[in-house]
Protein chains: 2
Amino acid sequence: MVRKNAINIEIEKVNFKTMVEVVEINLLEFLKNNSFRPGDILPSEVELATSLGVSRNVLREALSRLRMMGMVESKKRRGMVLSSPDILGAMERVMNPLIIGANTLKDIFEMRLTLEMGMTDILYIRKTKKDIDELEIIAQNEKAKRVDEVFRIKNEIDFHGKLYQMTGNVTMQRFSNLLMPVFGYIANLEKIPKISAVSHLDLVHLLRSGSREDFRKGMRTHLESHFAKLQKK
Amino acid sequence: MVRKNAINIEIEKVNFKTMVEVVEINLLEFLKNNSFRPGDILPSEVELATSLGVSRNVLREALSRLRMMGMVESKKRRGMVLSSPDILGAMERVMNPLIIGANTLKDIFEMRLTLEMGMTDILYIRKTKKDIDELEIIAQNEKAKRVDEVFRIKNEIDFHGKLYQMTGNVTMQRFSNLLMPVFGYIANLEKIPKISAVSHLDLVHLLRSGSREDFRKGMRTHLESHFAKLQKK
DNA sequence: TAACTTTGATATGTAGTACATAATTACTAT
DNA sequence: ATAGTAATTATGTACTACATATCAAAGTTA
C-alpha cells in the first residue's frame with residue numbers, strides 16, 4: 001500500500017484494523033444478514049476461517065469476543081450455537097471505577113439519578129406490600145446501626161438496590177448493581193452530607209400510602225444534594 | 001474425576017470453564033489487585049502466558065476480549081497498555097432485537113421509559129435556547145411530513161434522541177441510541193396509537209416556558225400509552 | 001426385533017512452532 | 001557528534017498437532 005502523504009498516513013493509522021477486528025465485524029454482519037436466530041447452529045470453525053480467509057487462530061480470537069457476550073456457545077463435536085447475548089455481562093467485568101474515565105464516571109452517576117427519578121411509575125405498578133415491608137426493615141436497620149461512613153454507604157446501596165429490585169426489571173436491577181460501586185466511589189470522594197430532608201424511612205411511608213407525585217417529590221428531595229452538585233458545574 | 005450421581009454431573013457441567021474464561025478472570029483480577037491504571041504497560045504476552053501456565057494462544061483469546069472492551073491497546077514492539085474501557089462498546093455490538101430474549105427486550109423498553117421520566121431534572125439544568133429551538137424544528141417537521149408508519153417511528157427517535165443529547169450526558173445518549181432500535185421493534189409489533197394527549201410540540205413548549213413539574217407531567221401523559229400497556233400485565 | 005455396546009468420525013479446546021511486521025535500541029562509519 | 005544501519009523485541013498471523021467430548025452408525029447380544 002502506497003502512503004501518499006501525512007494525511008493519508010493518519011487516516012490509515014486511525015482506520016487500521018487488525019484481522020481479528022475485521023473478522024469480528026464480518027461475523028456479526030454474517031449472522032445478521034443471514035437472519036440467524038438463537039438456537040441456530042453456526043458453520044464450523046474451519047469452514048468460517050476458510051470462507052473468511054483467515055487462520056483458525058484469528059477466527060477464534062474473534063469468536064472469543066462473541067462468546068464473552070454470551071452470543072455464541074460451543075460444545076465439542078456439536079459445534080457452535082447462536083444464543084441470546086447477555087447485554088450487561090461484558091459491562092459487569094470492566095466496571096472498575098479506578099480505570100474508567102472521569103467523564104464516564106460522571107455520566108454513570110447522572111444515569112443513576114435519572115433512573116431513580118424515573119422509576120416511580122413502574123414502582124407504583126409493581127409494588128407489593130411484602131416488598132414495602134422489606135424495604136422498611138432496611139430503612140429501620142440504618143437507624144439502629146452506628147452512623148459509620150462505610151455502613152452509611154452500604155445502607156444507601158441496600159435501600160436503593162431494593163427499590164430497583166422492586167421494579168421487577170432484572171436488567172435495570174443488574175444495571176443498578178453496576179452503578180452502585182461508582183456511587184460508592186464518588187460518595188467516598190465527595191463526602192456527601194449525611195442527612196437529607198427526606199429520609200429513607202420517609203420514602204417508605206410515601207411509597208406505602210402516598211401518591212405517585214408525593215413519592216416522586218420525596219425522591220427528588222432525597223437526592224437534592226446530588227442535584228445541587230450538578231447545578232454548580 | 002469421579003462422577004458420583006446426576007446432581008454432581010450437572011454441577012460439573014455448569015461450573016465448567018474453559019481455560020480462556022479462567023485466564024480472562026485471572027487477568028482482570030491481576031490488573032485490579034496490582035492497581036494497574038490507564039497508561040500502565042502490561043507484561044508481554046509470553047510472560048503472561050507462562051506465568052498463567054497457558055499457551056500464548058489461550059492468553060490471546062482472553063486478551064482479545066479485553067481488547068474488545070477497549071481495556072487493552074497494543075502496538076507492536078511497544079507492548080500492551082491498559083486503557084479506559086468503553087463500557088457500552090460491547091452492548092452496541094450485540095443490540096439486535098432479533099436475537100435478544102423477549103424478557104430482556106421488555107426490560108430495555110421499560111428502562112427507556114424510566115430514563116425519559118427521570119431525565120427532567122438534568123434537562124432543566126442543562127437546557128439551552130439553541131437546543132430547544134432545534135428540538136422545536138424536529139417537532140414541527142413531523143407535522144409537515146406524511147403520517148407514514150416508518151416516518152412516525154423515525155420522528156419519534158429523532159425527537160427523543162435529541163432530548164437525550166440535550167442532557168449533555170454522552171453515555172446516556174449512547175445508551176438511548178441502543179434502546180431506540182428496540183423501541184422501533186416493539187412499536188412495530190404493538191402498533192402504538194398514533195396520537196397522544198401531549199404532542200412533541202406540546203413538550204417543546206413546556207420545556208421552553210413551563211416548570212419542571214409541568215414538563216414531567218407532560219412527558220408522563222405523552223408516554224401514557226406505553227405505561228397503560230405495562231399496567232395490564 | 002429391540003436394546004445395548006463398540007467403534008469411528010467430527011468439532012472444539014489447547015499447545016507449540018514459525019515467521020512477518022513494526023518500532024525501539026545499539027552500533028558503526030563518516 | 002550525527003546520520004545511517006543493524007540487531008532486538010513484542011505483537012499479529014498462520015499452520016500443525018493432538019486431546020477430548022460427543023454424536024452417529026455399525027455391530028452384537030438377548
Output yes when at least one side-chain N/O atom of [X] is less than 4.0 Å from OP1 or OP2 of [N], else no.
X       : N      : value
B:Ser55 : C:dA15 : yes
A:Arg78 : D:dA21 : no
A:Ser74 : C:dG13 : yes

Is any side-chain heavy atom of A:Glu156 closer than 4.5 Å to a side-chain heavy atom of A:His200? yes
In whole angstrom, what separates [X]'s [atom1] from [N]'s [atom2]?
X       : N      : atom1 : atom2 : value
B:Glu45 : C:dT17 : CD    : P     : 16 Å
A:Leu59 : D:dC15 : CG    : P     : 13 Å
B:Lys76 : C:dT25 : NZ    : C1'   : 19 Å
A:Phe16 : D:dT11 : CZ    : P     : 15 Å
A:Arg60 : D:dT13 : CZ    : P     : 16 Å
A:Glu61 : D:dA14 : CD    : C1'   : 12 Å
B:Ile41 : D:dA10 : CD1   : C1'   : 11 Å
A:Leu42 : C:dT10 : CG    : P     : 19 Å

Quick check: on DNA chain D, is the nucleotide nearest B:Met80 upstream (toward 5') of the one nearest B:Arg77, or the reverse? Name the residue that is more 5'. B:Arg77
Are the aromatic ring centres of A:His226 and A:Phe109 under 6.0 angstrom apart? yes
What about the rings of A:Phe36 and A:Phe30, do their centers lie closer together than 6.0 Å? yes
Just checking, is any N or O donor in the side chain of A:Gln173 or A:Ser176 under 3.5 Å from an acceptor N or O on the other one? no
Closer to the 5' end of DNA chain C via nearest nucleotide, is it A:Asn57 or A:Lys75? A:Lys75
Closest to the A:Arg56 side chain: C:dG13, D:dT11, C:dA15? C:dG13
Check A:Arg126 with B:Glu110, please: is the shortest side-chain N to carboxylate O separation under 4.0 Å? yes
